[in-house]
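Scroll down for the structure; my scribbles are underneath it.
This chain uses plain numbering: 1 for the first residue, then up along the sequence.
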Amino acid sequence: MFIEVLKSKIHRVTVTEGNLDYIGSITIDEALMEASGIIENERVDVYNITNGERFSTYAIKGERNSGVVGLNGAAAHRAAVGDLIIIASYCSMDFEEAKQWHPTVIFPQNNRLT
């Protein structure tokens with residue numbers, strides 16, 4: 001049996017930009033993606049702490065060490081610049097393997113690694 005478990009989480013970052021005229025996705029500082037283990041085009045769930053919205057999209061790389069967390073396309077309607085969000089990705093694995101699994105969770109300060 002396979003189950004879905006948390007793979008990676010970027011906890012409490014601030015939305016820095018919104019771009020309605022883009023085809024979709026969330027732009028994330030490349031350093032945050034690397035530290036969390038999220039890769040470009042990976043499906044992510046976004047949980048908006050500020051307004052309670054929850055949605056799925058895919059990750060694209062932003063400029064390294066820029067602190068950028070930008071919502072693009074339809075996702076830009078789900079959060080405003082300044083909102084606090086959590087970005088999470090999941091993976092499927094064998095039930096027994098999942099019992100030993102530990103996700104990668106990072107806690108950036110001001111959208112940057114400390």
Side-chain angles (χ1 to χ4, degrees):
M1 173 176 50
F2 282 84
I3 63 169
E4 287 206 9
V5 296
L6 180 67
K7 177 183 134 309
S8 306
K9 182 167 79 165
I10 303 173
H11 191 75
R12 295 182 67 96
V13 287
T14 303
V15 175
T16 61
E17 59 187 41
N19 182 356
L20 288 171
D21 296 321
Y22 190 80
I23 59 172
S25 70
I26 183 169
T27 303
I28 306 169
D29 179 322
E30 185 176 12
L32 297 179
M33 288 179 66
E34 188 174 277
S36 66
I38 294 172
I39 63 169
E40 192 159 40
N41 298 310
E42 182 174 357
R43 179 184 171 172
V44 294
D45 287 342
V46 179
Y47 310 124
N48 189 324
I49 297 166
T50 304
N51 70 16
E53 289 278 353
R54 298 167 77 95
F55 58 94
S56 296
T57 189
Y58 62 95
I60 61 173
K61 289 181 193 174
E63 182 180 341
R64 180 178 288 279
N65 299 318
S66 65
V68 67
V69 176
L71 293 172
N72 306 306
H77 288 286
R78 301 293 184 119
V81 171
D83 283 2
L84 281 175
I85 63 171
I86 295 167
I87 304 164
S89 69
Y90 298 85
C91 63
S92 294
M93 65 177 54
D94 177 76
F95 182 77
E96 292 303 318
E97 180 184 8
K99 290 179 180 179
Q100 305 302 317
W101 174 250
H102 299 285
T104 301
V105 180
I106 63 169
F107 301 88
Q109 300 296 313
N110 300 312
N111 287 17
R112 290 180 173 78
L113 300 171
T114 55

CA sep, side-chain torsions, deciding dist, call: Ile49, Ile86, side-chain contact (heavy atoms from CB on, under 4.5 Å): CA-CA 7 Å; Ile49 297 166; Ile86 295 167; 3.7 Å; yes

Derivation and outcome, side-chain contact (heavy atoms from CB on, under 4.5 Å), residues Ile60 and Asn72: CA-CA 10 Å; Ile60 61 173; Asn72 306 306; 4.0 Å; yes

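Contact between Asn19 and Ala76 at its shortest, heavy atoms only, is N-CB, 4.0 Å.
For the side chain to side chain contact (heavy atoms under 4.5 Å, CB included) test, residues two or more places apart in sequence or in another chain that qualify with Ser89 are Lys7, Ser8, Ile38, Glu42, Val44. When the side chain to side chain contact (heavy atoms under 4.5 Å, CB included) test is applied to Arg112, no partner is found at least two apart in sequence or on another chain. Under the side chain to side chain contact (heavy atoms under 4.5 Å, CB included) criterion, Leu113 pairs with Ala31, Leu32, Ala35, Ile106, sequence neighbours left out. With sequence neighbours excluded, no residue satisfies side chain to side chain contact (heavy atoms under 4.5 Å, CB included) with Gln100.
Expressed to the nearest 0.5 Å, how far CD1 of Ile87 lies from CD1 of Ile26 amounts to 4.0 Å. Annotation: the span from Gln109 atom CD to Arg12 atom CZ amounts to 10.0 Å, rounded to 0.5 Å. Atom-to-atom distance recorded for Glu40:CD and Ser25:OG is 9.0 Å, nearest 0.5 angstrom.
Among residue pairs with one or both ends in residues 81-114, those qualifying as ring pair (Phe, Tyr, Trp, His ring centres under 6.0 Å) are His11-Phe107; sequence neighbours excluded. Within the structure, side chain to side chain donor-acceptor pair (under 3.5 Å) contacts touching residues 55-70 (residues at least two apart or in different chains) are Glu34-Arg64, Arg43-Ser56, Asp45-Ser56.
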